[in-house]
Amino acid sequence: MKILFQGDSITDAGRDRDNFHDLGYGYPKYAAELIKKNYPDIEFEFIDLGISGHQTKDLLARLESDFIDIQPDIVSILIGINDVWHHAAERDWIPGEVFEERYRTILTAIKERTNAKIMMLEPFQGPVEDKEIFRIDLNPKIDIIRKLAREFADVYVPLDGLLASKFIKENHRDYLYDGVHPANGQNSPSTKGAEYIGSVYAEYIKEIIDEIK
């Protein structure tokens with residue numbers, strides 16, 4: 001069973017880009033470990049093609065080579081924070097309809113040109129002062145992603161909400177060292193953020209694996 005992780009730096013997480021089976025230091029590493037443990041009788045191929053700094057426009061540009069040509073059984077997508085972050089300084093936010101069209105084009109191609117099940121993960125942000133401005137644009141884009149998920153996703157992972165729940169009683173910087181990137185042992189001593197997201201991923205993907213195994 002071929003599982004493809006797609007996204008930005010949160011999915012990239014220091015992986016060796018010369019080896020797409022290398023899962024880096026982030027949530028894909030921990031998710032893969034748990035998935036293999038949960039399904040010892042299934043042979044998995046895990047592929048990580050997340051690229052740091054990428055936005056929806058970049059995923060769209062590599063749609064053929066990094067989605068369609070891979071022909072995964074399951075593809076997960078975590079994208080959107082850079083569509084916000086890269087426009088925060090000037091507040092020249094990407095219009096919602098443009099963001100939706102880009103993401104929709106990717107999802108439509110996956111549906112029409114592969115047999116992959118789709119797992120969508122929503123972007124997230126911790127309550128850090130220097131990034132509070134992101135919420136102006138991030139919340140509407142999460143709403144768009146949720147709308148698309150209702151149309152295209154086989155499973156949806158509400159990470160922004162799940163992490164917000166965590167942060168009621170726990171220190172958000174233990175999970176997101178800069179408010180966006182999960183603590184994964186590469187850029188911070190803790191691995192708490194990557195491990196938590198990996199555990200959530202492994203739990204949510206069970207529905208799909210159980211359906212197709």
Side-chain angles (χ1 to χ4, degrees), residues 3-40 44-55 58-59 76-89 119-135 137-139 141-142 145 156-206:
I3 298 178
L4 170 62
F5 300 94
Q6 269 292 7
D8 48 39
S9 58
I10 297 166
T11 303
D12 184 336
R15 69 182 178 88
D16 177 0
R17 294 188 191 168
D18 291 326
N19 173 16
F20 63 31
H21 291 122
D22 184 87
L23 302 180
Y25 297 87
Y27 75 88
K29 170 188 173 182
Y30 296 102
E33 289 173 358
L34 289 170
I35 291 167
K36 287 187 289 186
K37 182 179 178 180
N38 291 337
Y39 297 93
F44 291 99
E45 179 183 7
F46 297 101
I47 296 173
D48 187 344
L49 290 175
I51 297 180
S52 181
H54 272 204
Q55 304 176 45
D58 302 297
L59 288 194
S76 67
I77 304 173
L78 172 53
I79 198 72
I81 191 62
N82 289 322
D83 292 75
V84 175
W85 195 341
H86 292 190
H87 297 268
M119 182 173 176
M120 294 171 63
L121 299 85
E122 70 186 19
F124 49 82
Q125 177 193 333
V128 295
E129 186 174 343
D130 69 318
K131 296 181 178 68
E132 285 180 353
I133 187 177
F134 289 11
R135 283 288 171 190
D137 192 48
L138 180 60
N139 288 350
K141 284 185 168 51
I142 288 175
I145 292 169
Y156 184 74
V157 187
L159 282 178
D160 193 52
L162 293 172
L163 286 165
S165 179
K166 274 281 180 191
F167 301 156
I168 297 300
K169 294 185 177 180
E170 299 190 53
N171 186 339
H172 62 88
R173 289 198 183 273
D174 289 342
Y175 288 83
L176 308 176
Y177 68 88
D178 64 352
V180 169
H181 293 93
N184 62 24
Q186 181 189 27
N187 297 309
S188 59
S190 171
T191 59
K192 205 167 187 176
E195 287 189 62
Y196 174 68
I197 295 172
S199 69
V200 169
Y201 186 110
E203 187 62 32
Y204 273 71
I205 202 172
K206 284 180 180 178

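All values derive from a computational prediction rather than experimental measurement.
For Y25, the OH atom sits in a loose shell: 12 or fewer heavy atoms of surrounding residues, nucleotides or ligands are nearer than 6.0 Å.
Using bins of under 30°, 30° to 60° and over 60° for the plane-to-plane angle, the ring pair F44/Y39 lands in the perpendicular bin.
Using a 4.5 Å heavy-atom cutoff, the side chains of Y175 and I197 are not in contact. The shortest side-chain heavy-atom distance between V200 and Y27 does not fall under the 4.5 Å cut-off. Between H181 and L176 there is no side-chain heavy-atom pair separated by less than 4.5 Å. Side-chain contact between K192 and E170 is present, with at least one heavy-atom pair separated by less than 4.5 Å. With a 4.5 Å cut-off on side-chain heavy atoms, W85 and L138 do not count as touching. The closest side-chain heavy-atom distance from P123 to L159 is not below 4.5 Å. Residues F124 and L78 are in side-chain contact: their nearest non-hydrogen atoms beyond the backbone lie under 4.5 Å apart.
Closest approach of F134 to A88, counting heavy atoms only: CE1-CB, 3.5 Å. Scanning both residues, M119 and V157, for their nearest heavy atoms gives CE-CG2, 3.6 Å. Nearest heavy atoms, V180 versus I10: O-CD1, 3.8 Å. Contact between Y204 and P158 at its shortest, heavy atoms only, is OH-CD, 3.7 Å. The shortest heavy-atom contact between A202 and L34 is CB-CB, 3.6 Å. Closest of all the heavy-atom pairs between N184 and A13 is ND2-CB, 4.0 Å.
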message: Please determine whether side chain to side chain contact (heavy atoms under 4.5 Å, CB included) holds for the pair I81 and K141, giving the CA-CA distance in whole Å, both sets of side-chain angles, and the decisive distance to 0.1 Å.
response: CA-CA 9 Å; I81 191 62; K141 284 185 168 51; over 6 Å; no
- request: Applying side chain to side chain contact (heavy atoms under 4.5 Å, CB included), run through Y30 and T191 and close with a yes or a no.
  value: CA-CA 10 Å; Y30 296 102; T191 59; 3.5 Å; yes
- request: Evaluate side chain to side chain contact (heavy atoms under 4.5 Å, CB included) for T11 paired with Q6, printing each intermediate quantity in order.
  value: CA-CA 7 Å; T11 303; Q6 269 292 7; 5.9 Å; no
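For Y201 and F5, the ring centers are positioned less than 6.0 Å apart.
One distance of note links CG of N139 with CD of Q125; it measures 8.0 Å at 0.5 Å rounding.
Panel note: side chain K131, backbone D178; a donor-acceptor pair is recorded below 3.5 Å. No side-chain donor-acceptor contact under 3.5 Å links Q55 to the backbone of H86. Although no hydrogens or angles enter the test, the distance criterion places a donor-acceptor pair under 3.5 Å between the side chain of E122 and the main chain of D160. In this structure a side-chain-to-backbone donor-acceptor pair under 3.5 Å is present from D12 to S52. One N or O on the side chain of R15 and one on the backbone of D48 form a donor-acceptor pair closer than 3.5 Å.
With respect to K36 and E33, no salt bridge is recorded, no charged nitrogen being found less than 4.0 Å from a carboxylate O.
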